[in-house]
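Structure first, then comments.
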Amino acid sequence: MVRILPMASSIRPSLSSLKFSGSSRFSVSLFSHNSTRKFTYCHLGTAVPQLQSFGLKASNLLREKGGSLSISAAGNMAHASTAATQENVLEWVKQDKRRMLHVVYRVGDLDRTIKFYTECLGMKLLRKRDIPEERYTNAFLGYGPEDSHFVIELTYNYGVDQYDIGSGFGHFGIAVEDVSKTVELIKAKGGKVTREPGAVKGGKTVIAFIEDPDGYKFELLERGPTPEPLCQVMLRVGDLERAISFYENAYGMKLLRTRDNPEYKYTIAMLGYGPEDTSAVMELTYNYGVTEYDKGNAYAQIAIGTDDVYKTAEAIKLCGGKITREPGPLPGISTKITACLDPDGWKTVFVDNIDFLKELE
């Protein structure tokens, strides 16, 4: 059903061991890559105390002159140093070795979901991990090894058989060579098809939508062979320009394309660390006039690899993100992580690349 091309292995991380307890339309000029947009949502006012890891120390901002402090000169130096250091932060983020590692969400029956994903969607069960003292079990599934592919991490919490998906989560995307044949297989296995195969609204790509046993939606996209069949995570946001700026600057993703659909009153933006046909990407959707969504308690987060969780946290703070777990090692396994919320409240965890490979061993 899904033909996989070999993909070069690269050093990437994965966080798995945590237990997870539309304003009006905007102008097309929003998407022009001008020189000022990348700074729009970065907070300069708090840069000095936050940038210790980038070598800026507040004590160096003041200089003594004849036994007295030159306050005016110090102020000018602080302003210039802050701007220069922010440039360093953003440039470092662009150079960091990042990849989307896995997406985490909760299910009510782990065996049932594993059966559906392996038999209907062609995934492989990569590993399972039971944590009885914390009363939960993880299962990792995907189309290739975790060190080189984007995968799914399912979480089953003992005794919890149902979750609220909410209205903010959209769907996962899977690339297949023949959408119609895949849909036939899913129907034969008793799966639920919510949109029959056909061209996407306003486009030519053949798609279909299905639901897994817990109600999570999957979009099937007809494509040629790809090294990354698990190719999309779609989330809804209340301010698309704000979200794009944050994902570019704080997360280091590239804006791959946007598409406005005025007839259906929504706009999408695709962002990621590589091309859509070979990499997993984020699809952010803005519905005209909707600024907030119910996130439920089912979808948890995505995990992204980084070479330095400490610098990552500083960059996120500069760009207005909320750190929910300060950078540092996890108790027991020593894998370094940091966790944050984007401006819409969607959670992301960054994991140290080298520590992640050790964790897989």
Considering only heavy atoms from C-beta outward, does the side chain of Tyr293 approach that of Val237 to under 4.5 Å? no
Between Glu359 and Thr335, a side-chain donor and acceptor under 3.5 Å: yes
Decide yes or no on ring-ring contact (aromatic ring centres under 6.0 Å, His included) for Tyr117 and Phe218, but give the supporting numbers first. CA-CA 11 Å; Tyr117 287 6; Phe218 284 78; 5.5 Å; yes
So Met100 and Met282, side chain to side chain contact (heavy atoms under 4.5 Å, CB included) or not? Walk me through it. CA-CA 9 Å; Met100 290 170 59; Met282 298 298 299; 3.7 Å; yes
For residues Arg236 and Asn287, determine if any side-chain heavy atom of one lies less than 4.5 Å from a side-chain heavy atom of the other. yes
Check whether the side chains of Asn138 and Thr155 place a donor and an acceptor atom closer than 3.5 Å, and report yes or no. yes
Taking the six-membered ring for Trp, is the centroid-to-centroid distance between Tyr105 and Tyr299 below 6.0 Å? no
Is it true that Tyr288 and Asp260 share a donor-acceptor pair across their side chains at a distance under 3.5 Å? yes
Go through the side-chain N and O atoms of Thr205 and Arg223 and say whether any donor and acceptor fall under 3.5 Å apart. no
In short, Asp308 meets Lys311 closest at the heavy-atom pair OD1-N, 3.0 Å
Is any side-chain heavy atom of Thr267 closer than 4.5 Å to one of Asn261? no
Do Thr312 and Thr338 meet the criterion of a side-chain donor-acceptor pair at a distance under 3.5 Å? no
Answer yes or no: is there an ion pair linking Lys295 with Asp164, defined by an N-O contact shorter than 4.0 Å? no
Cut-off 3.5 Å, side chains only: do Tyr273 and Ser279 have a donor facing an acceptor? no
Flag for Asp214-Thr113: side-chain donor and acceptor within less than 3.5 Å: yes
Can you confirm whether the side chains of Asn353 and Asp307 place a donor and an acceptor under 3.5 Å from each other? yes
Going by atom types only, do Asn249 and Ser245 share a side-chain donor-acceptor pair under 3.5 Å? yes
Side chain to side chain donor-acceptor pair (under 3.5 Å) between Thr137 and Asp130: does it pass, once the steps are laid out? CA-CA 4 Å; Thr137 305; Asp130 186 39; 2.6 Å; yes
Minimum side-chain heavy-atom gap Thr118-Leu141 below 4.5 Å: yes
Parallel, tilted or perpendicular: which describes the rings of Tyr251 and Phe350, with under 30° parallel and over 60° perpendicular? perpendicular
Run the numbers on Arg195 and Glu211 for salt bridge (charged side-chain N to carboxylate O under 4.0 Å, His left out), then give the verdict. CA-CA 10 Å; Arg195 184 198 189 278; Glu211 282 188 10; over 6 Å; no
Does a side-chain N-to-carboxylate-O contact under 4.0 Å join Lys201 and Glu263? no
Do Arg135's NZ or CZ and the ring of Tyr158 fall within the cation-pi criteria of under 6.0 Å and 45°? no
